[in-house]
Number of protein chains: 2
Amino acid sequence: MDIKPQVPFTCAVRNLDIISLHDAVLPISNKEVFFNFSVYESIKIRDGAAVFLEDHLERLFESAARLEIAHSLSQADVAGMTSRLLAADHITHASLRVQLIGGDEPTLFLFPQQLPRYSDSMYREGVSVIAYRGERIMPEVKSNSLLLNYLAQREAGRHHALEALLITSGGLAVEGSRSNFFAVEGNRLITPGSGVLAGVTRKYILESAGKIGLDIAFEAPRVEDLYSGRFDELFISSTSMGAMPVSQVDDCTFPHVFPITHTLHKMVGDLEEAYVREHAPAR
Amino acid sequence: MDIKPQVPFTCAVRNLDIISLHDAVLPISNKEVFFNFSVYESIKIRDGAAVFLEDHLERLFESAARLEIAHSLSQADVAGMTSRLLAADHITHASLRVQLIGGDEPTLFLFPQQLPRYSDSMYREGVSVIAYRGERIMPEVKSNSLLLNYLAQREAGRHHALEALLITSGGLAVEGSRSNFFAVEGNRLITPGSGVLAGVTRKYILESAGKIGLDIAFEAPRVEDLYSGRFDELFISSTSMGAMPVSQVDDCTFPHVFPITHTLHKMVGDLEEAYVREHAPAR
């Protein structure tokens, strides 16, 4: 699938209005931005459809509820503004950022960004990741408390790795800086059941794993077990990448065979395509 | 000392320019703001002087260095822009926010806010604080990773408390959400020696404590010991409040006698006044 980047985007949403992207600004003195009191989603736009929109909005509102961000928006409001923005800017392929900033005047922003691209060879041969020590605050909430993620991604980049796995003080590999993390051992699919972000792609991977008869073990792999080659496959997942095989953790490389990762990636991709067929606007 | 609030402020600084405060805005899509990759200071402006400016700039640059924020500014640049802003807006009393946002185009902002006010009765009778479980990421860096601080302050407000003490998973009271924390036991002044923000007021409190013959114990009080009444005095410190006595932690209240806190508060206040006399612009 070859997608031409769409540039430039010109529109954004602030609350219930379509505005120019240039006007989507915040005063430097905004207290809630200063304090990261804000939640967000990144939604894939394909063929003009916001993929798994309902899942993302449910999680956005759940994140806001957990932080007790008071606001008067409904999920239907945000869905409606998403449709209006996609139509106003003729957006067919993008990553749509949805951000809800708390405070006395809670503010919703929607704005499009370029979709990240991943090459076929990354899916075929696997990618490199690093292990990065650090624990997020309220990891189950998709909040803007993201400094650890930024530092972890920067460190990954310095090692020419795609992602950094966050390792707890207890030595557990719980999730990536912008992905969920999975290990495969025999017929078992292993991933933490709590203390991580409830990824939308993770949800469909777990559903798909059940369909092909894998046993799900909700636990976090130990970082030493990643190095030892104990697992048959490792992969990370996100909205933008689906299920991406991992062939290297720090300096340890593994055989490049990922039958289960590839199967799950294909199944999630098929669900995504079915969603797009059902929801893409008429041409 | 009675200070009339100065309203409205009209100017700000972006990099090496004086701009209108209205133009001190950031695009919602700014990656580094989104990820809290930013460091800051809050500097007290009294009689037109930026109190302990050198200490604040040294810490700002140390914070930036620890996060590896690349930039081309010198401390003299920031000091120069501080003077220009104070003159341009005729600022005599304010809290000056200095914020350095990292990234490919690092950006410095300076802008004035109202100084918080604390009543004489708070200093006389002490204030109430709560204990709040949570650990900051890189607590020694004054970064914009502040969600925990926001949630802790909000919880304090719900209990009509002035501050929330952050309690580690090991049960240690390390610092407040926007202050350092001290306990007095006999002739010992107790405060953590690491893992907390190197407060400028804390530095002058420690210097003053040495001058009056207190022994400094660099350790973190256990939260149970706060409740038990084991300590003779508890206090918090910050640029805006100096040394503020604590008369209540959660539901436990203590005798309202704070001779050492009051002495240290007066000594730091004297240092501040001496600084202002030396640095206030001629009238």
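Below, read A as the first sequence line, B as the second, and so on, with proteins coming before strands; counting in each chain starts at 1. Reckoned from all heavy atoms, side chains included, excluding hydrogens, waters and symmetry mates.
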Peer 1: Is the closest side-chain heavy-atom distance between B/Pro192 and B/Glu175 below 4.5 Å?
Peer 2: no
Peer 1: By a 4.5 Å heavy-atom criterion (distance strictly below it), what part of A/Phe37 contacts chain B: side chain, backbone, both, or neither?
Peer 2: both
Peer 1: Relative to chain B, which of A/Ser143, A/Ser38, A/Ala24 shows the most heavy atom pairs under 4.5 Å?
Peer 2: A/Ala24
Peer 1: Can you tell me which of B/Leu151, B/Val33, B/Asn149 forms the most heavy-atom pairs within a distance under 4.5 Å of chain A?
Peer 2: B/Leu151
Peer 1: Shorter than 4.5 Å, heavy atoms on both sides: which option in B/Gln99, B/Arg154, B/Glu135, B/Lys31 has the most such pairs with chain A?
Peer 2: B/Arg154
Peer 1: Is any side-chain heavy atom of A/Leu147 closer than 4.5 Å to one of B/Asn144?
Peer 2: no
Peer 1: How about B/Glu32 and A/Tyr150: does a side-chain donor come under 3.5 Å of a side-chain acceptor?
Peer 2: yes
Peer 1: Do you know which of A/Ser29, A/Gly134, A/Ala12 has the most heavy-atom pairs under 4.5 Å to chain B?
Peer 2: A/Ser29
Peer 1: Using a 4.5 angstrom heavy-atom cutoff, name the option from A/Ile28, A/Ile101, A/Val25 with the most pairs to chain B.
Peer 2: A/Ile28
Peer 1: Between B/Lys142 and B/Glu41, does at least one N-O distance fall below 4.0 Å, as a salt bridge requires?
Peer 2: no
Peer 1: Select one option (side chain, backbone, both, neither) describing which atoms of A/Phe34 are under 4.5 Å from chain B's heavy atoms.
Peer 2: both
Peer 1: Do the side chain of B/Arg136 and the main chain of B/Ser177 share a donor and acceptor less than 3.5 angstrom apart?
Peer 2: no
Peer 1: Look at B/Arg158 together with B/Glu155 and state whether they make a salt bridge at an N to O cut-off of under 4.0 Å.
Peer 2: yes
Peer 1: Out of B/Ile137, B/Leu21, B/Leu67, return the one with the most heavy atom pairs under 4.5 angstrom to chain A.
Peer 2: B/Leu67
